[in-house]
Peer 1: 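One structure follows; several queries about it will come next.
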There are 2 protein chains.
Amino acid sequence: MGDANDDLQPPARLRALTSWQASRVSTIGARMTAKYMPLTARSDFAVLAALEEYGALSQADLGRRLGLDRNDVSGIVTRLQTGGHLDRQADPDDRRRNLVTINQAGRRYLEQIQRNADKAQAELLSSLDEDERGQLHALLVKVLEGHKPEPA
Amino acid sequence: MGDANDDLQPPARLRALTSWQASRVSTIGARMTAKYMPLTARSDFAVLAALEEYGALSQADLGRRLGLDRNDVSGIVTRLQTGGHLDRQADPDDRRRNLVTINQAGRRYLEQIQRNADKAQAELLSSLDEDERGQLHALLVKVLEGHKPEPA
DNA sequence: AGTGTTACGTTGGGCAAGCCAACGTTGGAG
DNA sequence: CTCCAACGTTGGCTTGCCCAACGTAACACT
């Protein structure tokens with residue numbers, strides 16, 4: 001009978017913090033994600049999506065686009081290269097740079113992650129209707145526009 | 001002239017993921033927070049706010065309210081106890097439980113964190129007006145209502 | 001020319017958060 | 001009395017974010 005006891009609310013001071021709410025939404029999103037794929041697929045997705053949309057990029061540019069540190073980009077790109085999802089070559093015009101390019105296997109992998117991410121997203125936002133999802137998206141975009149995408 | 005070059009946008013696939021947006025907002029919030037206090041103050045704030053609003057709680061109840069694992073609660077409570085911000089005693093009615101209570105120093109500490117959190121919050125949401133902040137808050141609440149606050 | 005500055009990629013490490021597994025203790029239900 | 005569930009604790013793993021240092025390469029300056 002009474003399983004209606006599950007109404008434990010977080011304290012009001014916490015509920016009032018947008019930063020805490022965002023963090024909560026983020027980790028719940030991570031949980032949904034983990035149901036469909038390993039968590040590392042999230043960084044893979046970010047990098048591959050950038051390469052697919054913008055073409056060949058240096059690792060530093062990748063970091064700037066995605067808000068990631070250079071060292072973290074280095075690790076992700078190495079993982080993706082090991083998995084055969086992208087190509088890395090020295091830039092002939094500037095030999096300091098690594099030109100990173102997505103390849104065919106990478107595109108397939110990207111589409112696969114996209115499908116799983118869509119499923120996770122649907123679960124995360126299940127309590128919102130279409131209009132509300134759009135509003136939430138627009139508001140988050142606006143918050144992020146107020147801050148440089150840079151790492152640190 | 002053109003310093004307008006700072007318009008590096010993240011890829012559309014990423015911008016479309018609410019989970020990624022929330023994560024981004026969360027870490028930017030963490031950066032704002034770090035300008036005013038050590039990051040650990042965030043967990044302190046959560047625990048103290050719960051104790052202040054709901055009175056004496058067991059650590060397990062704290063975890064359920066806040067969406068934290070028991071082991072993490074254990075560490076936070078120990079830290080707060082060491083700092084003299086709360087009292088921990090065995091529950092006489094159920095000696096498995098630790099009854100945790102906020103004390104006077106804890107309340108002062110809580111108010112101090114609250115002030116800093118408000119400053120960080122203002123910076124985080126600087127690009128939204130009052131109406132928009134309210135809408136964003138309401139939408140995030142609605143998303144979270146669709147998911148149990150429990151840890152995992 | 002040579003010099004200094006800057007950007008790049010790499011490595012290593014620290015820290016916070018979330019999660020899982022195990023243990024001993026205690027309470028309650030059968 | 002026995003079995004099961006909840007509690008608190010410890011230890012460990014992973015991701016994400018961040019800082020510092022190194023060697024290489026491009027660039028500016030004089």
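Residue numbers start from 1 in every chain, and the chains themselves are labelled A, B, ... in the order their sequence lines are given, proteins ahead of strands. Computed over heavy atoms, backbone and side chain alike; hydrogens, waters and symmetry mates excluded.
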Peer 1: Which nucleotide sits closest to the side chain of A:Asn71: D:dG8, C:dT11, D:dC17?
Peer 2: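 In terms of side-chain proximity for A:Asn71, the closest of D:dG8, C:dT11, D:dC17 is C:dT11.
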Peer 1: What is the distance from CZ of B:Phe45 to P of C:dA17, rounded to the nearest Å?
Peer 2: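 Those two atoms, CZ and P, are 14 Å apart.
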Peer 1: I'd like to know if the side chain of A:Glu53 and the backbone of B:Ala12 have a donor-acceptor N/O pair within less than 3.5 Å.
Peer 2: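 A pair under 3.5 Å: yes.
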Peer 1: Using a cut-off of 4.0 Å on non-hydrogen atoms, how would the nucleic acid contact of A:Arg24 be classed: base, sugar-phosphate, or nothing?
Peer 2: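 Touches nothing.
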Peer 1: Answer yes or no: does a side-chain N or O of A:Arg31 lie under 4.0 Å from OP1 or OP2 of C:dC19?
Peer 2: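 It does, given that an N or O in the side chain of A:Arg31 lies less than 4.0 Å from OP1 or OP2 of C:dC19.
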Peer 1: Testing the 3.5 Å rule here: is there a donor-acceptor pair between the side chains of B:Gln114 and B:Asp118?
Peer 2: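 Per modelled atom types, B:Gln114 and B:Asp118 side chains form a pair under 3.5 Å.
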Peer 1: Ignoring backbone atoms, establish whether A:Arg95 has a side-chain N or O less than 4.0 Å from OP1 or OP2 of D:dA25.
Peer 2: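 Yes, such a contact exists.
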Peer 1: Taking CG from B:Leu39 and C1' from C:dG14, how many angstroms apart are they, rounded to a whole number?
Peer 2: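 My rounded result for the distance is 13 Å.
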Peer 1: Any side-chain N or O of A:Gln59 less than 4.0 Å from the OP1 or OP2 oxygen of C:dA7?
Peer 2: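 The answer is no; no side-chain N or O of A:Gln59 sits under 4.0 Å from OP1 or OP2.
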Peer 1: The side chain of B:Asp69 lies closest to which of these nucleotides: C:dT25, C:dC19, D:dA25?
Peer 2: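 Of C:dT25, C:dC19, D:dA25, C:dC19 is nearest to the side chain of B:Asp69.
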Peer 1: Should A:Ser74 be listed as having a side-chain N or O under 4.0 Å from OP1 or OP2 of C:dG9?
Peer 2: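 No.
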Peer 1: Whether A:Arg97 contacts C:dC8 is assessed here as follows: a side-chain N or O lying under 4.0 Å from the phosphate OP1 or OP2. Is that the case?
Peer 2: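 True: A:Arg97 side-chain N/O within range (under 4.0 Å) of C:dC8 OP1/OP2.
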Peer 1: Using whole Å, what does the distance between atom C1' of nucleotide C:dT10 and atom CD of A:Gln81 come to?
Peer 2: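 Those two atoms, CD and C1', are 13 Å apart.
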Peer 1: Rounding to an integer number of Å, can you tell me how far A:Asn98 CG sits from C:dA7 C1'?
Peer 2: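 The distance from CG of A:Asn98 to C1' of C:dA7 comes to 13 Å, rounded to the nearest Å.
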Peer 1: Would you find a donor on one side and an acceptor on the other, under 3.5 Å apart, between the side chain of A:Gln121 and the backbone of B:Ala16?
Peer 2: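 Side chain of A:Gln121 to backbone of B:Ala16: a pair is present.
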Peer 1: If you only use heavy atoms from C-beta on, which nucleotide in D:dC17, C:dT10, C:dT26 is closest to the side chain of A:Arg88?
Peer 2: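 Of D:dC17, C:dT10, C:dT26, C:dT10 is nearest to the side chain of A:Arg88.
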Peer 1: Would you mind classifying the nucleic acid contact of A:Arg70 as base, sugar-phosphate or nothing, using non-hydrogen atoms under 4.0 angstrom?
Peer 2: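 Here A:Arg70 touches the bases of the nucleic acid.
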Peer 1: How many Å lie between CG on A:Asp94 and P on D:dC27, as a whole number?
Peer 2: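 Taking CG of A:Asp94 and P of D:dC27, I get 6 Å after rounding.
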Peer 1: Which is true for A:Ser43 with a 4.0 Å heavy-atom rule: it touches a base, it touches only sugar-phosphate, or it touches nothing?
Peer 2: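 A:Ser43: backbone/sugar contact only, no base atoms under 4.0 Å.
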Peer 1: Are the side chain of B:Ser23 and the backbone N or O of B:Ser19 linked by a donor-acceptor pair below 3.5 Å?
Peer 2: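 No; judged by distance alone, with no hydrogens or angles, the pair does not exist.
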Peer 1: Which nucleotide wins on minimum distance to the side chain of B:Asp72, given the candidates C:dA16, C:dG18, C:dT11?
Peer 2: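 So the side chain of B:Asp72 is nearest to C:dG18.
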Peer 1: In whole angstroms, how far is the C1' atom of D:dG16 from the CZ atom of B:Arg42?
Peer 2: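 Distance, rounded to whole Å: 11 Å.
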Peer 1: Under 4.0 Å: is that the gap between some side-chain N or O of B:Arg79 and OP1 or OP2 of C:dA16?
Peer 2: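 Result: no.
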Peer 1: To the nearest Å, how far apart are B:Leu66 CG and C:dG18 C1'?
Peer 2: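 Taking atom C1' of C:dG18 as the reference, CG of B:Leu66 is at 14 Å.
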Peer 1: With nearest nucleotides of DNA chain C determined for A:Ala60 and B:Pro92 from heavy-atom distances, which residue corresponds to the more 5′ nucleotide?
Peer 2: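 Mapping each residue to its closest nucleotide by heavy atoms, the 5'-most match is A:Ala60.
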Peer 1: Specify the separation, in whole Å, of atom CG of B:Asp91 and atom P of C:dG28.
Peer 2: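 Checked: the CG to P distance equals 11 Å.
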